[in-house]
Amino acid sequence: MAEKIGFIGLGIMGAPMARNLVEAGYDVTVYNRSRGAVDELEKAGATGASSPREVAGASDVIITMLPDSPQVREVVEDEGGILAGIESGALVVDMSTISPVVTEELAAKIQEAGASMLDAPVSGGDVGAQQGTLSIMVGGSESDFERAKPLFDVMGGTVNHVGPTGAGQVVKAANQVVVALTIEAVSEALVLGSKGGVAPEKVLDVLGGGLAGNKVMEVKREKFLSHDFSPGFRSELHHKDLGIALAAAREYGISLPNTAAVDQMLQTMKKKGWGGEDHSALLRVIEDLSGHEAR
Ligand code: NAD
């Protein structure tokens with residue numbers, strides 16, 4: 001018999017992911033802090049619950065898709081949380097992007113309760129969540145990975161088991177470092193080129209054909225050129241993700257100097273009221289520092 005699924009956190013990402021599981025024929029019990037999102041999923045065929053504890057009691061596999069470490073901790077550990085209702089043998093799959101250090105702590109507590117946990121953060125954004133084409137990077141045991149694989153195949157297009165508990169979050173943090181630093185580098189190139197009298201589209205065309213070419217230039221091209229920075233991926237979420245990378249770096253005793261610099265730029269964006277804009281709006285920071293718009 002197919003496993004019963006619980007899904008907690010029905011936001012931009014979680015709602016379409018849960019809907020895809022319902023459409024694939026799974027029996028899905030859902031919970032979200034605000035009730036509206038639960039009502040929407042009930043219309044799609046899911047069963048609503050009134051707490052994470054109730055979700056855990058009704059499910060073999062419990063998926064979480066929440067903003068950050070404190071929310072995942074709360075949903076797992078609080079009085080009405082997953083640990084209060086979890087059955088022995090159940091599997092928790094946290095697909096949020098959170099700290100690998102917190103992941104390891106929570107996995108240990110879940111194991112004490114006779115259950116187990118995978119960390120399975122994603123990339124691919126809201127479009128990937130809707131289309132079921134997310135890239136999913138998974139940390140945890142091989143047997144838990146195999147157990148969850150049919151669910152990952154519904155939600156994702158590229159599914160990789162990358163190592164033990166926490167490894168999925170480590171790979172996601174590495175991904176977020178490269179994406180942020182690339183956006184920042186392209187932004188510097190655009191401002192340099194434009195101030196020197198070369199149109200931004202020319203800069204992107206020419207750089208795109210050589211060693212400097214990258215996917216950020218392709219995917220964010222229209223945003224850079226139009227300066228329409230509607231999200232996409234909100235810069236405040238990317239700020240959270242670099243915070244995770246920097247906290248892990250501190251814990252591991254390593255240096256990520258340029259991640260620290262771009263983290264400060266994302267902090268500035270929040271203060272300037274640009275935190276809700278797409279992360280490609282890092283271009284605005286470089287423009288602001290330079291007193292020149294790359295138009
Ligand atoms: P979101 O803010 O749209 O959704 C989070 C949901 O969790 C909301 O519906 C909120 O009501 C709910 N929630 C918050 N606290 C809760 C609690 N204590 N109990 C129950 N529900 C609670 O965020 P999102 O964009 O869906 O992102 C979710 C995670 O996925 C984040 O970690 C984010 O970094 C990551 N992510 C997002 C994207 C993207 O493009 N948006 C891409 C990759 C990864």
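We count ligands from 1, going down the list as the structure has it; atoms in each ligand are counted the same way. Given the structure is predicted, the values throughout are model-derived calculations rather than measurements. Note: hydrogens, waters and symmetry copies are ignored here, and every other heavy atom, side chains too, is used.
Under a 4.0 Å N-O distance rule, the pair D278/K220 qualifies as a salt bridge. A salt bridge between D153 and K149 is present, with a side-chain N of the basic residue lying under 4.0 Å from a carboxylate O of the acidic one. With respect to K215 and E218, no salt bridge is recorded, no charged nitrogen being found less than 4.0 Å from a carboxylate O.
Using a distance-only test at 3.5 Å, with no hydrogens or angles considered, a donor-acceptor pair links the side chain of Q169 to the main chain of S96. S99 places a side-chain N or O within 3.5 Å of a backbone atom of V102 that can act as its donor or acceptor partner. The main-chain N or O of W274 is found under 3.5 Å from a side-chain atom of S235 such that the two form a donor-acceptor pair. Checked by atom type and distance alone, the side chain of N32 pairs as donor or acceptor with a backbone atom of S34 at under 3.5 Å. In this structure a side-chain-to-backbone donor-acceptor pair under 3.5 Å is present from N214 to V216.
Note that atom 32 (O) of ligand 1 has protein non-hydrogen atoms nearby, at separations under 4.0 angstrom.
Which of V72, L66, L10 comes nearest to atom 13 (N) of ligand 1 through a heavy atom is settled by distance: it is L66. Closest heavy-atom approach to atom 18 (N) of ligand 1 within the set Q71, K172, E236, E74: this belongs to E74. Heavy-atom proximity to atom 30 (O) of ligand 1, evaluated over M65, M95, Q176, is greatest for M65. The residue from V122, L134, D94 that puts a heavy atom closest to atom 43 (C) of ligand 1 is V122. Comparing R234, H279, M13, M17 against atom 37 (C) of ligand 1, the shortest heavy-atom distance belongs to M13. The closest heavy-atom contact to atom 40 (O) of ligand 1, among the options P67, S135, G125, comes from G125.
For ligand 1, one of its N or O atoms has an N or O atom of I12 under 3.5 Å away. When only interatomic distances are considered, the shortest N/O to N/O separation between L237 and ligand 1 does not fall below 3.5 Å. Between G232 and ligand 1, not a single N/O pair is under 3.5 Å apart.
Of the protein's heavy atoms, N32 OD1, 3.7 Å lies nearest to atom 10 (C) of ligand 1. Distance from atom 21 (N) of ligand 1 to its nearest protein heavy atom, with residue and atom name: R33 N, 3.1 Å. Taking atom 4 (O) of ligand 1 as the reference point, the nearest protein heavy-atom neighbour is G11 CA, 3.2 Å.
Checked options Q264, K270, R234; the residue passing with H239 is K270 (criterion: side chain to side chain donor-acceptor pair (under 3.5 Å)). Shown are L283, L225, I286, V198; of these, the side chain to side chain contact (heavy atoms under 4.5 Å, CB included) with L190 is made only by L283.
Heavy-atom proximity to F233, at under 4.0 Å, picks out these atoms of ligand 1: 37 (C), 38 (C), 39 (C), 40 (O). Residue S34 has at least one heavy-atom neighbour below 4.0 Å for each of these atoms of ligand 1: 11 (O). Residue-ligand proximity, T97 to ligand 1, at heavy-atom distances under 4.0 Å covers atoms 32 (O), 34 (O), 35 (C), 44 (C).
Under the 3.5 Å distance criterion, with hydrogens and angles disregarded, a donor-acceptor pair is assigned to the side chains of D144 and S116.
The part of K240 lying near ligand 1 is the side chain, judged by heavy-atom distances below 4.0 Å. With a heavy-atom cut-off of 4.0 Å, V75 touches ligand 1 through its side chain alone.
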